[in-house]
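Here is the naming used below: chain letters follow the sequence lines, and residue numbers restart at 1 for every chain.
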Protein chains: 2
Amino acid sequence: MTNAYHPHNHKHCIEEALQEARSLCKDKGARLTPLREKVLELVWQSHSPIGAYDVLAELGRLEERAAQPPTVYRALDFLMEHGLIHRLSSLNAFIGCSHPGEQHNSCFLICEKCRVTQEIEHLGIEASLKDCAQSQGFQIKDSSVELSGLCPNCLGADTE
Amino acid sequence: MTNAYHPHNHKHCIEEALQEARSLCKDKGARLTPLREKVLELVWQSHSPIGAYDVLAELGRLEERAAQPPTVYRALDFLMEHGLIHRLSSLNAFIGCSHPGEQHNSCFLICEKCRVTQEIEHLGIEASLKDCAQSQGFQIKDSSVELSGLCPNCLGADTE
DNA sequence: TTCATAATTGTTATAATATAACGTATTTTG
DNA sequence: CAAAATACGTTATATTATAACAATTATGAA
Ligand SMILES: [Zn+2]
Ligand SMILES: [Zn+2]
Ligand SMILES: [Zn+2]
Ligand SMILES: [Zn+2]
């Protein structure tokens with residue numbers, strides 16, 4: 001399985017994310033239940049953000065009894081608490097974390113054409129955010145940095 | 001009128017924002033109708049973000065016939081299009097732009113205690129965001145940088 | 001093991017945010 | 001003025017998220 005941004009075997013991404021999640025949760029004594037793992041897998045379906053109700057719909061295609069919103073939101077909350085996924089507030093959607101476990105203030109590059117979203121750790125950004133906050137005497141507790149535009153692939157398609 | 005962050009006469013902020021909005025709209029041939037101006041004034045009520053439904057409620061206290069959501073959302077859309085307000089996606093709320101007219105990619109410092117929100121232009125952040133995007137071959141069209149935490153005033157109150 | 005407790009999930013209802021669609025009124029312009 | 005464009009009113013509904021409580025399952029101490 002591939003996507004337009006990076007041709008690659010995406011099953012590897014999914015399997016790796018699941019393995020790492022299992023390992024991290026085991027270490028922390030957090031219970032990665034079958035439901036939570038399934039939701040994580042659905043979020044990792046692609047490198048594009050997915051909405052809670054889309055997760056819900058996918059879940060409904062698999063289970064007999066359709067799950068209800070709180071079920072999905074609780075699983076998503078668990079995954080966020082443990083740093084396994086991120087919520088993109090500019091899209092009301094969720095995406096798998098590309099480097100869970102490590103403390104990080106990420107920046108997201110969101111392609112508005114193909115929706116592929118890349119999570120980037122950029123030291124310059126982190127430093128300048130800290131600098132900005134410090135100069136104002138502000139203590140950052142949480143940061144949301146979401147850049148939307150065109151990814152290299154979609155830019156190329158435009159000009160070619 | 002004051003707020004906890006900066007003791008100041010907030011009526012000046014409001015009046016200045018309204019004056020500048022009138023002037024900018026006139027220059028651009030955009031119609032700052034009474035409704036739109038009223039909504040802008042309500043958004044400028046404070047230095048904290050305000051939700052669309054709160055604007056709606058305030059509007060309802062003034063008008064005889066209660067306005068409906070589309071009325072408010074259309075006014076907010078107009079004000080955003082013309083750079084007079086910003087939407088904070090992490091809060092689903094709106095705030096007056098502190099320097100309309102100039103093209104800018106702002107960063108918001110949102111106090112999670114008193115809700116006072118400051119819009120900052122920080123050249124280091126803008127530069128590092130550009131640098132990040134460029135290194136990925138990504139073309140930024142829109143940026144959302146929202147930092148939440150504690151403002152200097154609330155930090156002081158904690159330690160004192 | 002067995003019971004008590006805590007954690008998870010199910011279920012129903014509803015809150016909060018936002019937009020579609022269409023009709024009416026107002027403004028602008030030729 | 002008449003035509004066209006723009007703005008606003010109105011109703012209905014879509015989308016995202018949570019409250020509240022019941023049922024179930026896992027955990028751990030006795
Ligand atoms: Zn992949
Ligand atoms: Zn991450
Ligand atoms: Zn003020
Ligand atoms: Zn601004």
For the pair A/Glu15 and A/Arg22, evaluate salt bridge (Lys or Arg N to Asp or Glu O under 4.0 Å) and give the outcome as yes or no after the intermediate values.
-> CA-CA 11 Å; A/Glu15 202 40 55; A/Arg22 289 183 200 112; 3.5 Å; yes
Could you check how far CG of B/Leu56 sits from P of D/dG9, rounded to whole Å?
-> 11 Å
Any side-chain donor paired with an acceptor under 3.5 Å for B/Glu119 and B/His104?
-> yes
B/Arg74 has a side chain; which of C/dT11, D/dC8, C/dA18 sits nearest to it?
-> D/dC8
Nearest to side-chain heavy atoms of A/Pro70, which nucleotide of D/dA17, C/dT11, C/dT19 | C/dT11
A/Leu76 atom CG is separated from C/dT8 atom P, nearest whole Å, by 15 Å
Check whether the ring centres of A/Phe94 and A/His86 lie less than 6.0 Å apart, and answer yes or no.
-> no
OP1, OP2 of D/dC8 versus side-chain N and O of B/Thr71: anything below 4.0 Å?
-> no
B/Ser89 side chain to A/Ser90 side chain, donor-acceptor N/O pair below 3.5 angstrom | no
Between P of D/dT16 and CG of B/Leu91, the distance in whole Å | 18 Å
Taking atom C1' of D/dA26 as reference, at what distance in whole Å does atom CZ of A/Phe78 sit?
-> 14 Å
Of the listed nucleotides C/dT17, C/dT11, D/dT16, the one nearest the side chain of A/Gln68 = C/dT11
In whole angstrom, what separates A/Tyr73's OH from D/dA20's C1'?
-> 18 Å
Do you see a donor-acceptor pair shorter than 3.5 Å between the side chains of B/Glu146 and A/Ser144?
-> no
A/Lys28 NZ: over 12 foreign heavy atoms closer than 6.0 Å = yes
Proximity to DNA chain C (any heavy atom under 4.0 Å), residues of residues 24-38 of chain A only | A/Arg31, A/Thr33, A/Leu35, A/Arg36
Can you tell me how far P of D/dT13 sits from OH of A/Tyr53, to the nearest Å?
-> 18 Å
Provide, to the nearest angstrom, the distance between the CG atom belonging to B/Asp54 and the P atom belonging to C/dA15.
-> 16 Å
Donor-acceptor contact present, side-chain B/His10 to main-chain B/Cys13, <3.5 Å | no
Comparing A/Asn92 and B/Ala67 on DNA chain D - which has the more 5′ nearest nucleotide = B/Ala67
note: A/Ile50, atom CD1; D/dA17, atom C1'; distance rounded to Å ~ 16 Å
